[in-house]
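The structure appears right after this line, and notes come after that.
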Amino acid sequence: MARILITSAIPYINGIKHLGNLVGSQLPADLYARYCRARGHEVMFLCATDEHGTPAELAAAKAGKPVADYCAEMHEVQAELARGFRLSFDHFGRSSSPQNHRLTQYFAGRLAENGLIEEVSERQVYSNADGRFLPDRYIEGTCPNCGYEKARGDQCENCTKQLDPTDLIDPRSAISGSTDLEVRETKHLYLKQRSLRGDLEAWIDSKTDWPVLTTSIAKKWLNDGDGLQDRGITRDLSWGIPVKKGEADWPGMEGKVFYVWFDAPIEYIAASAEWAEKNGRPEADWRRWWRLDEGAEDVRYVQFMGKDNVPFHTLSFPATIMGSRDPWKLVDYIKSFNYLNYDGGQFSTSQGRGVFMDQALSILPADYWRWWLLSHAPESSDSEFTWENFQASVNKDLADVLGNFVSRVTKFCRSKFGEVVPEGGAYGDREQELNDDLYIRIRAYDAHMEAMEIRKAAAELRAIWVAGNEYLQSAAPWTVYKEDPDQAAAIIRFSLNLIRLYAVLSAPFIPDAAKAMMDAMGCEDDTWPAQMTHAMERLAPGQAFTTPEMPFRKISDEEREEWQARFAGQRG
RNA sequence: GGGCCUGUAGCUCAAUGGUCAGAGCAGGGCGCUCAUAACGCCUUGGUUGGGGGUUCGAGUCCCUCCGGGCCUACCA
C-alpha cells in the first residue's frame, strides 16, 4: 500500500466549465484517484476553485454582486457539478480560504527571507473610469503594425505581433470602452526565478519519465531567449490575498494582493489544510502529505492539468517551493493533456459553443460522459468531440457490449433458475481458459492505469467486457440447458460473477453503473481481482440478485440531431 | 518570426529502428436466438501527407516541402 497525493488543476471561478476543461484535468485525476483507492492505496485527492484575479472581479461586477458573494455562489455551483460528475475529491476547496491566505503569505515571507523577492517599480496603465489598473489584454486599440482596430495590449490577434499597451493607437479600456487612461507608477514584488533556474533545470532533467508535452514546455521556458524570467507575483486589485511577509505587514505594498498564479497552486496545500479543519483533524494530518520532515517521504504526488497550465506547475510553483528552502513535497509526476475540440472548432465559453458541464448532466447521466471523455482523452494530440462519434461509442460500448451482457445473463437466469445464483454443475476448461485470459487482460489494464495511459486502459476494459460476450456465445447456456440444466447453471453462475467482476473493474470509469451492477448482484465485496479462481466464486449459489432493466439506454438519431443543433453556439 | 506537437484504413486511434503496419467503429458475408435488432465468427479496406537521405532493415532517425494544432511569459 502506498500513499498517493493527487491534485487536479483548479478550475477558475468565473463560470461553468466545458467538457474540454473537464477531460483535461479533473476527470482523469478522478479516474486515477478511484483506481488507486480500489487498489487499496491511501489517497488524498484535492481540487478547489481558483477565485482571484481580474476576470473574477469583472464577472462579479457583471452579475451585480460583491465579488466575495459571487465567488461563494459560483464555488457552490461548481461543487455541485463536480458531485454530478462523481468527482471523488477528498476536499474541494477555495483559493480564497483563510488557510490559503496564511500559506501564501507564509511562502512570500520565506521567499523574502531567502532573498528571492525583489521590489520593482513599474509603469502600468490605469483606467480612471474603471477605477483600476488594466492588465495588458484588457486594453484595446488599433494595432500599429497592421491597423487592426481590436488589437489587445499584449498581442494583436490579427497579425499576431506582440505588443506593449503603450504601442496601441487610440487605446481604450476593454472593460468600459473608456479612453480616459493614464500610465501610473506602481510597485510590485517579483519572484527571482532566474536565480533558481539551475535548480529547476536539474529537477526537470531528472524527470525522464514525464510526458514529452510536459517537459518540452518546461524546457522551452527555461531556455527560450534570455532564459527563465523573474515573475511579478503581486497585483493592484482589491480581491485577493493581501501582500504580507508571513504575518507581518509589507511596507510599501499596502492595498496590493498576490497574483492569482502565485496563490493558486499554494491552494493545493491549503486545500488539505481545509480538509483537516473540516474533518476536525489536527494539523499533522494534512502536513504528513506535504512535509518531507513530517511524514511525506513515502508520498507519491501526481498532478493533472491541461497543457496551458504546464509552465506554472513545472516552473513557477516549484520555484516557490524550492525557494522557501523548506522541505515541502514537490510533484513527482505531471500528467498533462492536449485540448478537446468541439465538432470542427474549439469549445468557446464566450460564444457558448460546445457542451458545458451543467448542460451535459441535464441530457445524460454522468457515466455516459465519463466513458466517452476518458476513452477519448486528448493524450497524444488534440482530440475532437462529435455527436456522431459520441452516439456511436456510447451506444456500442456501454449499451451493446456491457449493458446488454448484463441483461442477457440476468434475464436468462431469471427465466430458467429464478433470481438467485444457480447451483449445480462445475466450472470446466472453458471457464479456466477465460480466467487465464482475463488474468492477463486485467494485469494489462492495471499497467495502463498505473501509467495513466487512459485511452489504452479504456480499450483494455472494453476488451474485458467483450470477452464476456464471447464466452457466452461459445458456452451457449440456452442450448446446454435443454440437455444438462446443471451445466447451464454453472455457466450462468460464472457469468453472474463476471458481472460482479466488471462492476469492480469498471468503477473508476463509470462509478454509478458499477454501483448499480454491484447492488443488483447483492454484493458488497469490491476487492480488486487478484486470483481469478477466487474472484469468480464471490457470488455463491443461492445468493439472490435483481435483474436490472436497461442498464444503459441508447442515444437515438433524433436526440443526437437535436443536441447537435442546440449546442452549436450562442448558449442560452 | 521563434519553438514544440501532430499527419497511419471512410471515422477514432495503436505500433522499444526488426514477422505480412494493427484495434474499435462504419461497410460486406455467415452464424446464434439468452439479450436493449443485441451478441459471436469471418472479411473488404493502407504508396503510413509529398519528395529526398541514413541503414542489412524506416510509420519510427535526418533534410526539405505541404497541411493541422499549441505556446511565446499581464487571461487564468
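By convention in this document, chain letters (A, B, ...) are assigned in the order of the sequence lines, proteins followed by strands, and residues within each chain are numbered from 1. Model, not experiment: these values are computed from the prediction.
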Quick check for you: among B:U36, B:C32, B:G69, whose closest atom lies nearest to any side-chain atom of A:Gln346?
B:G69

Quick check for you: among B:A76, B:C11, B:C39, whose closest atom lies nearest to any side-chain atom of A:Val260?
B:A76

For A:Gln193, which contact category applies under a 4.0 Å heavy-atom criterion: base, sugar-phosphate, or nothing?
nothing

Return the nearest nucleotide to the side chain of A:Gln473; candidates are B:G40, B:C75, B:C74.
B:G40

Exercise: identify the closest heavy-atom pair between A:His75 and A:Gly93
CE1-O, 3.1 Å

Have a look at A:Gly227 and say if it touches a base, only the backbone sugar-phosphate, or nothing, with a 4.0 Å heavy-atom cut-off.
base

For A:Glu483, does the CD atom sit with more than 12 other heavy atoms under 6.0 Å from it, leaving out its own atoms?
no

To the side chain of A:Pro551, which of B:G24, B:C11, B:U36 is closest?
B:U36

P spacing across the pair B:G68 / B:C62, given as an integer number of angstrom
23 Å

Taking the six-membered ring for Trp, does A:Phe412 stack with B:C34 (centroid gap under 5.5 Å, planes within less than 30°)?
no

Classify the nucleic acid contact of A:Asp308 as base, sugar-phosphate or nothing, counting any heavy atom under 4.0 Å across all strands shown.
base

A:Val406 near the nucleic acid: base, sugar-phosphate alone, or nothing, with a heavy-atom cut-off under 4.0 Å?
nothing

Which is true for A:Lys456 with a 4.0 Å heavy-atom rule: it touches a base, it touches only sugar-phosphate, or it touches nothing?
sugar-phosphate

Using a 4.0 Å heavy-atom cut-off, does A:Phe552 contact any base of the nucleic acid, only the sugar-phosphate backbone, or nothing at all?
base

Any A:Arg455 side-chain nitrogen or oxygen under 4.0 Å from OP1 or OP2 of B:U12:
no

Which part of the nucleic acid does A:Gly403 contact within heavy-atom distance under 4.0 Å: base, sugar-phosphate only, or nothing?
base

Over all strands shown, is A:Ser380 touching base, sugar-phosphate only, or nothing at heavy-atom distances under 4.0 angstrom?
sugar-phosphate

What integer distance in Å separates A:His313:NE2 from B:A76:C1'?
11 Å

Just call it for A:Thr386: base, sugar-phosphate, or nothing, with non-hydrogen atoms closer than 4.0 Å on any strand.
nothing

Less than 3.5 Å apart, any donor N or O on the side chain of A:Ser95 or A:Glu267 sitting next to an acceptor on the other?
no

For B:C39, take OP1 and OP2 only and decide whether either is under 4.0 Å from a side-chain N or O of A:Lys396.
yes

Taking only the side-chain heavy atoms of A:Trp221 (C-beta and beyond), determine which of B:C71, B:C39, B:C74 contains the nearest atom.
B:C71

Just wondering, more than 12 heavy atoms not from A:Glu433 lying within 6.0 Å of its CD?
no

Any donor-acceptor pair under 3.5 Å joining the side chain of A:Asn404 to the base of B:A38?
no

How would you label the contact of A:Ser216 with the nucleic acid (heavy atoms, under 4.0 Å): base, sugar-phosphate, or nothing?
sugar-phosphate

Who is the Watson-Crick or G-U wobble partner of B:C41, with both distances under 3.5 Å?
B:G29

Would you say CG of A:Asp557 has more than 12 non-hydrogen atoms from neighbouring residues, nucleotides or ligands within 6.0 angstrom?
yes

Under 4.0 angstrom between A:Arg137 side-chain N/O and B:C74 OP1 or OP2:
no

By the 4.0 Å heavy-atom rule, please label A:Lys554 as base, sugar-phosphate, or nothing.
base

Looking at every strand, decide which applies to A:Arg553 at a 4.0 Å heavy-atom threshold: base, sugar-phosphate, or nothing.
nothing

Quick one: label A:Tyr481 by what it contacts on the DNA or RNA (base, sugar-phosphate, nothing), any heavy atom closer than 4.0 Å.
nothing

Residue whose nearest RNA chain B nucleotide is more 5′ - A:Leu398 or A:Ser383:
A:Ser383

Do A:Phe417 and A:Tyr481 make the cut of ring centroids closer than 6.0 angstrom?
yes

Could you check whether A:Pro477 gets within reach of a base, just the sugar-phosphate, or nothing at all, counting any heavy atom under 4.0 Å?
nothing

Would you say CZ of A:Arg123 has more than 12 non-hydrogen atoms from neighbouring residues, nucleotides or ligands within 6.0 angstrom?
no

Given B:C71, is OP1 or OP2 found less than 4.0 Å from the side-chain N or O atoms of A:Tyr339?
yes

A:Asp50 or A:Leu472, whichever maps to the more 5' nucleotide of RNA chain B:
A:Leu472

